[in-house]
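Numbers here simply count residues along the sequence, with the first being 1.
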Amino acid sequence: MNTLAQTAPAFVAMAHSIVWCNVATVDSANRPRSRVLHPFWEFDGDHLIGWVATAATPIKKAHLAHSSYCSVNYWTTCHDTCVAECAASWCEDNQTKLWVWNRYLELPEPVGYNPAIIPGWEGPDSPGFSVLRFAPWRLRVFPGLVLMGQAGEVLTWQA
């Protein structure tokens, strides 16, 4: 088992290079559902937090009300994969929504983008603009070269 300090930077680097991920939640009957989202991650040396601008649809809200846990899985064609198993929470306060909006504007492409390109998201106070916060309890970073037996190391961290 690796430390967070070893695993988080590798996770962020891989996640930000892949950009889009599959996020799975479960419904009240514990059936999974996944969707593709575009989070960004911040590691301060002690804590890794993921942020994603998304619509707070009735399905997402119901799933997270039933279980606040989700799986955030990245994959690319060279078989690099990284997964964050997370506690997810809605951030409804205007200060956080403004910070996430501005952070997307500040980050370099392709992770950074202008959220206003999404219909109905004119600004961080738009009714359709919501923010989810991901707090990982487990990370796994699996370079595709390891799968091919060529090089690299699988990193795993668990709180």
For Val83 and Ser71, run side-chain contact (heavy atoms from CB on, under 4.5 Å): C-alpha distance rounded to whole Å, both residues' side-chain angles, the deciding distance at 0.1 Å, then the answer.
CA-CA 7 Å; Val83 179; Ser71 179; 3.8 Å; yes
Counting neighbours of [atom1] on [X] that are heavy atoms of other residues, nucleotides or ligands and sit closer than 6.0 Å, is the number greater than 12?
X	atom1	value
Tyr69	OH	no
Glu109	CD	no
Gln150	CD	yes
His47	NE2	no

Any side-chain heavy atom of [X] within less than 4.5 Å of one from [Y]?
X	Y	result
Pro136	Trp41	yes
Arg33	Asp27	no
Trp99	Trp51	yes
Leu105	Asn114	yes
Val154	Arg140	yes
Arg133	Ile49	yes
Asp80	Pro143	yes
Trp75	Thr77	yes

Locate the shortest heavy-atom distance separating [X] from [Y]; write the atom from each residue and the value.
X	Y	value
Leu4	Pro9	O-CD, 3.9 Å
Glu153	Val146	N-CG2, 3.4 Å
Cys91	Thr96	CB-CG2, 3.7 Å
Trp101	Ala116	CH2-N, 3.5 Å
His79	Leu147	CB-CD2, 3.9 Å
Pro115	Phe129	CB-CE1, 4.4 Å

In terms of hydrophobic clusters joined by side-chain contacts under 4.5 Å, are [X] and [Y] together?
X	Y	value
Val36	Ile59	no
Leu107	Met14	yes
Met148	Ile18	no
Phe142	Leu139	no
Tyr74	Tyr113	yes

So how far is it from [X] [atom1] to [Y] [atom2], rounded to the nearest 0.5 Å?
X	Y	atom1	atom2	result
Leu145	Cys78	CG	SG	7.0 Å
Leu132	Leu64	CG	CG	6.0 Å
Ser126	Trp121	OG	CH2	9.5 Å
Met1	Thr7	CE	OG1	9.0 Å
Phe134	Leu37	CZ	CG	6.0 Å
Asn73	Ser34	CG	OG	9.5 Å

ask   = Between Thr25 and Arg35, does any side-chain donor sit less than 3.5 Å from a side-chain acceptor?
value = yes
Evaluation steps, side-chain contact (heavy atoms from CB on, under 4.5 Å), between Val23 and Thr54:
CA-CA 12 Å; Val23 177; Thr54 188; over 6 Å; no
Backbone N/O of Val131 and side chain of Lys97: donor-acceptor pair under 3.5 Å:
no
Are the side chain of His38 and the backbone of Val111 linked by a donor-acceptor contact shorter than 3.5 Å?
-> yes
Check: Does the pair Trp157 and Arg138 meet the rule for a side-chain contact (heavy atoms from CB on, under 4.5 Å), with working shown?
Finding: CA-CA 6 Å; Trp157 166 82; Arg138 182 178 183 275; 5.5 Å; no
- Message: Would Val52 and Tyr104 count as a side-chain contact (heavy atoms from CB on, under 4.5 Å) here? Give the steps.
- Response: CA-CA 9 Å; Val52 66; Tyr104 272 114; 4.0 Å; yes
